[in-house]
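Taking it in order: structure first as structure tokens, then the write-up.
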There are 2 protein chains.
Amino acid sequence: MSTKEGATVVNLNRMKHACRECSLRELCLPVGLSDTDIRSLENMIKRRKTLKKGDFLYRVGDPLSALYAVSSGSIKTSELAHDGDIQITGFHLPGELLGIDAISTDLHPCDAVALETTVVCELPMGKLEDLARDIPSLQRQLLRVLSREIVQDENLLMMLGKMNAEARLAACLVSFSERFERLGHSGTKFKLSMSRQDLGDYLGLALETVSRLFSRFQEEGLIRVEGRHIQLLNLAGLRALTGKGAAGQGSRHQPVA
Amino acid sequence: MSTKEGATVVNLNRMKHACRECSLRELCLPVGLSDTDIRSLENMIKRRKTLKKGDFLYRVGDPLSALYAVSSGSIKTSELAHDGDIQITGFHLPGELLGIDAISTDLHPCDAVALETTVVCELPMGKLEDLARDIPSLQRQLLRVLSREIVQDENLLMMLGKMNAEARLAACLVSFSERFERLGHSGTKFKLSMSRQDLGDYLGLALETVSRLFSRFQEEGLIRVEGRHIQLLNLAGLRALTGKGAAGQGSRHQPVA
DNA sequence: CGTAGCTTTGAGTGTTATCAACTCTCGTGG
DNA sequence: CCACGAGAGTTGATAACACTCAAAGCTACG
């Protein structure tokens, strides 16, 4: 298969990972579950998988056997067009669930590739459904997670359909900022795990356009760029560029409207 | 509320609409449910609502009280951007479910507007969850429907991110063709219920571009256009265009959808 | 260190948005 | 019955934003 067996050999003794002790439990599936319910969830988790950079978690057409929760690292999901063009449909950070777009057909419609060394928790689909039936709050949470994914996709739709390149990258950076912060990391200084090409394939832009925008944002004092190390110097300014600026100070360069 | 009470007064005696006798049951929520299960579903359905063209089914920020299944007619869902730009996130035909993107926050993130006289079945959210707990196959079906929506959004993402204007409209027409056919209508001759502006707001194009493309497709013998009446003359040709057809069209790979 | 991949920057091009004028349809009211 | 106006659609001219092609600089890793 695509993922090496060797990877899962490491730390077999840690396989019985406890959701209760996981720092991500408030971001992941256990939200709103009682302690006993979480214990049931723990028992269901088959194992944790470690992926190296470039490893596939699953591929287009693979049958759905489990959902995966990112524990550490990051994963990109992408769809291939007939002519080889790639659309990245999401970057998945710790606490986020993968594979839910496969539920409708029981086949994965996209590839999932690790952007760096990444650990995921495996949630066997059958057991998850059984458990959801027994635990109403888990059922609700599952629906919520799916629904949240729809909302995220629709936000991305808005970006691709109605925003210019500048606004797209700004919105993307703001999104990363918020998500890193939720993870307890810095929301203004972080390292991107994906390439310019990946960002372009996500935002519907050429990689050169992404690169140029990074340079321009730096010139304008909005961010500091050093390869994949990003520092957000003017978060409000970035937000203003996305259009949704509530705390907008006059960072209006060109009348976008 | 946004929708007038008057609309629902008509035909109160038909309120006890039977899913069992609905021609859409194989497209809608009852898929895979037993006869008794469907009966439980019927009892849950609060009522049917009739909307006139332009009526809102719900608005951004409205609390989620029910999901809606389109029975006849069509509905567009759209999000408003800061500067007034709108992105249409979907056109919903009979048999399709609306409101599922509100489950994550219990608030509707988009507007839903009838494109023509439209009838919807109302599925109270709380009762639906209760019923899903009692009927495992309904739970599965519910997850499936949500997941399918994600897949659809991701297809649209692919269009907006990677396809040119020509390919987008072609893909859109092919999609309508397939959906009308599933509904038992003609897949090659149909009337669009939405304006060029709506199509543009869906495809991320200016309305003028949409209009020009219709004209060009007609010149090329792909379709026949008469206002909103569309006839597809060369479905294979349209499909070829969705594979990014400007250059050579020797596409060996199968179309996605 | 050397190579391969990633990133930056430049120059030129093209697809598509924007602005604008005109037609057509349809419903309303004079 | 026709004039009128509003909304929808078509078509043309122009220009901008982002893509493509190209080359050089940089980074990382064996």
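A note on names: the letters A, B, ... follow the listed sequences, proteins ahead of strands, and every chain is numbered from 1.
Under the rule for a side-chain hydrogen bond (donor to acceptor under 3.5 Å, both in side chains), A/Lys162 has no partner lying at least two apart in sequence or in another chain. For the ring-ring contact (aromatic ring centres under 6.0 Å, His included) test, no residue two or more places apart in sequence or in another chain qualifies with B/Tyr68. Partners of A/Glu178 by side-chain contact (heavy atoms from CB on, under 4.5 Å), not counting sequence neighbours, listed by chain and number: A/Val174, A/Arg239. Annotation: side-chain contact (heavy atoms from CB on, under 4.5 Å) contacts of B/Ala69 (sequence neighbours excluded): B/Cys28, B/Leu97, B/Cys121. The salt bridge (charged side-chain N to carboxylate O under 4.0 Å, His left out) check on B/Arg148 picks up nothing, with sequence neighbours excluded. Listed by chain and number, the residues in a side-chain hydrogen bond (donor to acceptor under 3.5 Å, both in side chains) with A/Thr188 are A/Ser186 (sequence neighbours excluded). Scored by the side-chain contact (heavy atoms from CB on, under 4.5 Å) test, B/Arg182 finds B/Leu27, B/Glu96, B/Arg179 as partners (sequence neighbours excluded). Partners of B/Arg228 under the side-chain hydrogen bond (donor to acceptor under 3.5 Å, both in side chains) rule, at least two apart in sequence or in another chain, do not exist in this structure.
Each end of the helix from C/dC1-D/dG30 to C/dG30-D/dC1 gets its own axis, taken as the rotation carrying the C1' atoms of four end pairs onto the next four within a five-pair window, and the two axes meet at 30° to the nearest 10 degrees.
Within residues 204-216 of chain B, the residues having any heavy atom closer than 4.0 Å to DNA chain C are, in order of number, B/Gly204, B/Leu205, B/Ala206, B/Glu208, B/Thr209, B/Arg212.
Applying side chain to side chain contact (heavy atoms under 4.5 Å, CB included) to A/Phe91 and the options A/Thr77, A/Leu115, A/Leu192 leaves one that passes, A/Leu115.
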Can you give me every donor-acceptor pair (side chain of residues 207-214 of chain B, partner residue at least two apart or in another chain, under 3.5 Å) with its distance?
none

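An OP1 or OP2 oxygen of D/dG9 is reached within less than 4.0 angstrom by a side-chain nitrogen or oxygen of B/Arg228.
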Original post:
In B/S/- notation, 5' to 3', how is nucleotides 25-30 of chain D contacted by protein heavy atoms closer than 4.0 Å?
Top reply: ------

